[in-house]
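Report on one structure; see the data block that follows.
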Amino acid sequence: MAFPPAFLDELKTRSPLSDIVGRKVTWDARKSNPSKGDYWACCPFHGEKSPSFHILDREGFYYCFGCHEKGSVFDFVMKTENMSFPETVKMLASLAGMPVPEDDPRAAEREEKRRGLAEAMEAAVRRYRTQLGGARAEEARVYLAKRGLTPETIDRFEIGFAPNVRDGLTQELMEAGFSAATLIEAGLAAAPDPNRRETTPYDRFRDRIMFPIRDPRGRCIGFGGRAMSTGKYAKYLNSPETPLFHKGRTLYNHGPARGAVGSGAPLIVAEGYMDVIALVQAGFEAAVAPLGTALTEDQLAHLWRMADEPVIALDGDSSGLNAAYRAAELALPSLGPGKTLRFALMPADLDPDDVLAKHGRGAMAQLIDGAIPLIELLWRRESASARLDAPERIAAFEEALRALAVRVGHEGVRKNYQFEFNRRRFELLRERNSSRGRGGDNFNRKGGKAGGGRQGRGWNAPPQGPAEETRRLVEAMKAPPSEPPMPEDDNRAPPWEGAAPSEAPWDPSFGDGWTPPAEDLGPILVDAATRRRESVLLTLLLNHPDIVMRRRFEFEETPFVCPQLDSLKYAIISATLAGDSSDKSQLESVLLETVSADFLSDMRTSAEPVLPRAGRPNASIEAAEACFLELSRFHATELTWLMESEEFATALCEGGDEEGDVAQAAEARLQAAHAASAATDLDDEAQIGADDTELSQRLQSFVDAQPWIKRAKRAPGAA
């Protein structure tokens, strides 16, 4: 069976030799250079101990310096699989997802026609180049000189000119033996329009600077024309779709760029012909461009066959930035290990040609070297447009990031995108909340802006301006009897505002004598019960660092209101994201940059008497994970009830300072505590610290009961 040469070319392009050979060999990591398409392995055709089998992936060629076997991807499959050529083609086509052309007796006829079209295109290249030196092309020559193109560059890219003559090219090529039908099918001429009483074909390109478009094999398959007259319908005009030319599958300067990438040049994707020509003239040999459209999947596949990380360098205006966004989103489903895009962002309203003309090659080299990763481009877009001043808007921001990450096709890359998006989101919201805690914009639960005096975190700032005497009574009511509140003027900063761990302005011990700072953290004032619960949770995670990664989202969402424990929570998450939490000692050494050794020791001392067996170091990771989930849910429930009851009490204070209001507030808090106790299998922890033995027994019996398993059994449809 005879296969069309165009089909075989496309199949070879879609079947990287490294992928096919990689199924049979193991690449030598020391000698191979995948970024340049250079691979070495022990030869699969003869036994050897040192690698002498060499692949040049971008050339699609292999050679063994030992046994001298050589060939293309077709030769390799035929020799290793003992297949015939037709069987090899069908197998590779199946792997590449390409339909195999049916055996058609007219295939030879069609291939002959394609050769005729290619010959007509080459004849047109010669005529256009000749016309550029004629009298009609004076304006075109001035324009090219003004754009900085040297005669050598014009010759290298075979730039020509189509004069403003209706059928000059058509008549000349017909006199050379090409039929009108051939010229029309090649896209060089347009068919006559009977409605305009036209009887002969006419030139498609007139009064335009002509740029030949060649395929990777060097054959001219189309043209791009730049209009010299401002009144033209289109400034740039490409050849129509033909048997030779498919705009969405073609890159300008493809063949020369592929060779330059093999020599180590960075692959740069610009927007148009002039950008590519200017880049190549400046020494950036591996420059290509799509043909007047947004980047397509086929063009992206061509780019990744040439280089693992092509650099997208589009215009610095809004349309160029939007094109970069489209390219980034297009690439998401096809991203793989090592296969990505980078983006060189041009200065405002400048394209690569402008940068080279105004600022020189050095400036362009800096932009290329400083190209940002694909994920950075998408993050900048989403974070720049996000308004994070309300829970609904934060949820919308998170959903937008999640929607981008799930579009990544490769599972491993997708997980890393989710991981990185969440890390950045975490840092952004942390920075935002910290700035609000230091006096930034705050919104209370009634939607009013909170100012002056008591600053809360986020939109949870408490109401302002209660009567002074009543406020003191309420604050006294909220604090446990053994731990009176600190004085009102205690404005000590949390540890992340400059104080080193050893210089913490309060005693970091967890003994019964430690009095927490009276810092307003939303509507919640830190008490011993809350502090002990948070200590238990953090100690459990320090005993089992793997839980932090396995349940990072749940950990992030678990509220911590004790300032130093909250800071320690952030440090644990940051260490996990940085890969510094693989073992306990490593994690603790990182955390000592945030808190002192005494702080960690006191936290463990406080937590261990009430830590369930499932949270201790010798427990299984499964038991520890389940224990963490249930304890964090219980902690969040307690804080919710505490916050709501205290908000109610504070709201009563706004109406006056009558003793009846205070009594109602106290009763509301007591009812909330009972409700919280009834909502879980644990009793209220208001007495935490008073009887460690009793509390330890409660926690342990709760974990031993495994209520999460019972709930699963009660789930609808469960056996």
Side-chain angles (χ1 to χ4, degrees), residues 125 128-129 132 137 139-161 208-214 222-228 234-238 250-261 263-295 299 303 306-307 310-317 319-321 323-324 327 342-371:
V125 171
Y128 289 143
R129 295 190 65 188
L132 184 62
E139 184 181 356
R141 292 194 296 272
V142 171
Y143 172 81
L144 294 174
K146 184 178 179 180
R147 297 294 296 263
L149 271 62
T150 64
E152 293 77 15
T153 298
I154 292 174
D155 289 340
R156 176 176 181 173
F157 285 91
E158 304 175 286
I159 299 173
F161 180 70
R208 292 179 181 271
I209 297 174
M210 300 300 293
F211 303 90
I213 302 169
R214 296 188 176 275
F223 285 95
R226 201 272 184 193
M228 296 305 301
K235 182 178 179 180
Y236 281 94
L237 179 67
N238 290 321
T250 304
L251 293 168
Y252 183 62
N253 197 44
H254 188 165
R258 183 174 62 182
V261 169
S263 300
L267 179 59
I268 304 170
V269 184
E271 187 167 331
Y273 310 108
M274 292 303 299
D275 292 326
V276 169
I277 294 170
L279 285 165
V280 172
Q281 183 173 272
F284 299 96
E285 300 280 343
V288 298
L291 303 174
T293 62
L295 201 66
Q299 290 168 337
L303 293 174
M306 289 189 278
V311 176
I312 309 297
L314 302 178
D315 296 358
D317 54 15
S319 62
L321 192 58
R342 293 190 298 137
F343 294 84
L345 304 179
M346 300 294 108
D349 299 323
L350 296 182
D351 57 27
D353 188 14
D354 296 328
V355 172
L356 290 167
K358 296 180 179 180
H359 304 286
R361 187 186 189 282
M364 177 57 67
Q366 289 182 2
L367 291 171
I368 298 302
D369 292 341

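Quick caveat, the model's predicted, so the values are computed rather than measured.
- At least one cation-pi condition fails for Arg208 and Tyr128: the charged atom is not both under 6.0 angstrom from the six-membered ring centre and inside a 45 degree cone around its axis.
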Residues 152-159 side chain polar contacts: donor-acceptor under 3.5 Å, at least two apart:
residue	atom	partner	partner atom	Å
Glu152	OE1	Thr150	OG1	3.4
Thr153	OG1	Thr150	OG1	3.0
Thr153	OG1	Gln281	OE1	2.6
Asp155	OD1	Arg129	NH2	3.4
Arg156	NH1	Glu285	OE1	3.4
Arg156	NH2	Glu285	OE1	2.5
Glu158	OE1	Arg214	NE	2.7
Glu158	OE1	Arg214	NH2	3.1
Glu158	OE2	Arg214	NH2	3.1

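- Taken from CZ in Phe161 to CE in Met228, the straight-line distance is 6.5 Å, to the nearest 0.5 Å.
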Requested in this report: Evaluate side chain to side chain contact (heavy atoms under 4.5 Å, CB included) for Asn238 paired with Tyr252, printing each intermediate quantity in order.
Outcome: CA-CA 11 Å; Asn238 290 321; Tyr252 183 62; over 6 Å; no

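- When the salt bridge (charged side-chain N to carboxylate O under 4.0 Å, His left out) test is applied to Asp275, no partner is found at least two apart in sequence or on another chain.
- Qualifying ring pair (Phe, Tyr, Trp, His ring centres under 6.0 Å) partners for Tyr236, counting only residues two or more places apart in sequence or in other chains: Tyr273.
- The two residues Ala289 and Val276 make their nearest non-hydrogen contact at CB-CG2, 3.5 Å.
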Query - Worked verdict on Asp315 versus Met346 for side chain to side chain contact (heavy atoms under 4.5 Å, CB included) - result: CA-CA 6 Å; Asp315 296 358; Met346 300 294 108; 6.0 Å; no

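- Ala363 meets the side chain to side chain contact (heavy atoms under 4.5 Å, CB included) test with Val355, His359; sequence neighbours excluded.
- For the salt bridge (charged side-chain N to carboxylate O under 4.0 Å, His left out) test, residues two or more places apart in sequence or in another chain that qualify with Arg147 are Asp353.
- In this structure, the side chains of Leu149 and Met274 come closer than 4.5 Å at one or more pairs of heavy atoms.
- Within the model, atoms CG of Leu350 and CG of Leu367 stand 9.5 Å from one another, a figure rounded to the nearest 0.5 Å.
- You'll find the side chain of Pro290 reaches within 4.5 Å of the side chain of Val269, heavy atoms only.
- Here the closest non-hydrogen pair linking Ala137 and Leu132 is CB-O, 3.3 Å.
- The two residues Leu303 and Pro310 make their nearest non-hydrogen contact at CB-CG, 3.9 Å.
- Distance CG/Leu279 to CZ/Arg361: 10.0 Å, rounded to 0.5 Å.
- For the atom pair CG of Leu291 and CZ of Phe211, the computed distance is 12.0 Å after rounding to the nearest 0.5 Å.
- Among all heavy-atom pairs drawn from Ala287 and Asn253, the shortest one is O-ND2, 2.8 Å.
- Contact between Ala140 and Ile209 at its shortest, heavy atoms only, is CB-CG1, 3.8 Å.
- Between Ala278 and Leu356, the shortest heavy-atom distance links the atoms O-CD1, 3.5 Å.
- With sequence neighbours excluded, no residue forms a salt bridge (charged side-chain N to carboxylate O under 4.0 Å, His left out) with Glu139.
- Judged by distance alone, the side chain of Asp351 and the main-chain N or O of Glu271 form no donor-acceptor pair under 3.5 Å.
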Requested in this report: Could you go through the side chain to side chain contact (heavy atoms under 4.5 Å, CB included) check for Phe223 and Val125 one step at a time?
Outcome: CA-CA 9 Å; Phe223 285 95; Val125 171; 3.5 Å; yes

